[in-house]
Amino acid sequence: MENQQCCGGVAAHKVIKCKAAVAWEPNKPLVIEEIEVAPPEANEIRIKIVATALCHTDLYHLLESMQPQGFPTVLGHEGAGIVESVGPGVSEYQQGDKVIPLFISQCRQCHFCKSPRSNQAGIARHDAMAPPTSRFTCKGKELLQFVGTSTFSEYTVVNEMAVAKIDPMAPLDKVCLLGCGICTGYGAAVNTAKVEPGSTCAVFGLGAVGMAAVMGCKAAGAKRIIGIDINPEKFEKAKVFGATDFVNPKDHDKPISQVLIEMTKWGVDFSLECVGNVSVMRSALESCVQGYGVSVIVGWTDLRDIAIRPNQLISGRTWKGSTFGGFKGRDAVPQMVKVYMDKKLMLDEFITHHMTLDQINDAIELMKQSKWYIHIPIQPPFRIYEQEYMPIFFFAPQYPDGAECCSRIRPL
């Protein structure tokens with residue numbers, strides 16, 4: 001690409017022209033375009049994206065939410081890359097650092113960042129899918145930056161508060177998964193639910209996030225982990241991550257909550273909803289034991305309200321929500337990378353296919369068919385991660401990902 005030199009070359013303070021998958025409008029195929037990426041301004045970092053994934057949240061914005069004010073945009077928020085240049089005021093990051101962009105910032109200074117009870121900076125807005133300014137332009141038009149990251153581009157510019165510096169030996173085509181899905185599910189179990197040793201857990205939706213939640217339940221010492229999904233093909237894979245029992249709602253003519261209560265006598269100690277479906281959220285809560293059961297909403301949606309009978313909570317159950325697994329990204333993601341490199345966390349097992357950035361629309365079709373969790377190498381091919389209704393795709397110069405579940409898998 002024109003003017004494109006990584007890590008301190010002549011392009012460090014110039015506009016870079018590169019390839020990106022542009023969503024010009026809702027519910028339309030993405031278009032591979034040449035875009036312009038401006039140099040980083042104060043407290044910003046320009047990153048050469050090496051690997052990224054297509055998460056269902058990207059599809060949610062493109063195909064379900066379809067808010068016209070959110071376009072044109074460059075989607076993608078689950079990637080990894082190398083620092084190409086830094087703007088004024090940046091001291092923690094240098095050219096050549098390996099990094100993971102974060103869709104949840106950590107300023108380390110505000111009330112929320114200093115509190116151990118939250119992983120969301122005080123500036124976080126969940127009603128905004130893009131910051132007010134962008135460093136992307138194409139054909140004379142400004143492109144919005146999806147959740148502040150936009151990793152479906154060979155280059156992106158991110159605020160330093162939303163970047164995690166990781167081990168220089170880390171394989172970017174694997175650890176990019178930690179930018180969203182794996183941390184989201186795993187952390188929901190260990191950080192938000194605080195699963196206890198010897199407990200019984202139920203995970204609704206065996207997509208990438210659900211599989212990661214299963215892995216988190218096992219790491220926390222759960223004795224029994226029940227996976228719930230309408231696709232029984234997911235069950236064998238879920239065993240790899242620690243699931244012990246499986247339920248296909250299609251096999252029963254009674255509410256899934258009743259099935260789980262009968263299986264466990266009283267209900268599960270912990271349940272995690274990893275689908276993004278309000279009826280499944282209710283079922284997950286009702287599956288918990290009265291008095292002390294904890295249910296965590298992990299799947300993302302803002303299209304419908306949740307309805308629940310008050311006595312389900314009055315009887316002692318706790319309902320919680322989890323964003324990015326409760327992890328403070330800049331601090332925790334490097335630690336998760338280390339856990340993976342110490343062979344104490346599975347990432348490779350999520351990968352099933354590879355595709356290229358040029359094949360992004362093919363990857364989206366696979367995800368819509370609830371078949372794959374896809375990983376895509378941005379600076380050439382991509383890989384598909386196993387999931388169902390909610391697949392995730394990764395783009396890297398040579399790697400991909402995708403998934404499905406109960407009704408629809410999360411868009412986180």
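Two rings, from Phe241 and Phe350, have their centers less than 6.0 Å apart.
Remark: the backbone N or O of Thr149 is paired with a side-chain donor or acceptor of Thr156 at under 3.5 angstrom. At least one donor-acceptor pair closer than 3.5 Å links the side chain of Gln145 to the backbone N or O of Val157. With Ser115 contributing its side chain and His111 its backbone, the two residues share no donor-acceptor pair below 3.5 Å. The backbone N or O of Asp331 lies less than 3.5 Å from a partner atom in the side chain of Gln106, making a donor-acceptor pair.
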Derivation of the side chain to side chain contact (heavy atoms under 4.5 Å, CB included) call for Cys18 and Ile35
CA-CA 6 Å; Cys18 69; Ile35 70 169; 4.0 Å; yes
Test Gln312 against Arg282 for side chain to side chain contact (heavy atoms under 4.5 Å, CB included), laying out the working first.
CA-CA 10 Å; Gln312 295 292 345; Arg282 176 171 179 167; 5.9 Å; no
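The aromatic rings of Phe235 and Phe246 lie parallel to each other, with less than 30° between the two planes, well short of the 60° mark.
When Thr192, Leu285, Asn191 are each tested for a side-chain contact (heavy atoms from CB on, under 4.5 Å) with Val296, only one passes: Thr192. In summary, of the residues considered (Lys139, Lys19, Lys17), a salt bridge (charged side-chain N to carboxylate O under 4.0 Å, His left out) with Glu33 occurs for Lys139 alone.
A salt bridge is absent between Glu84 and Lys48; no separation between the charged side-chain nitrogens and carboxylate oxygens falls under 4.0 Å.
A donor atom on one side chain and an acceptor atom on the other are not found under 3.5 Å apart for Glu286 and Ser283.
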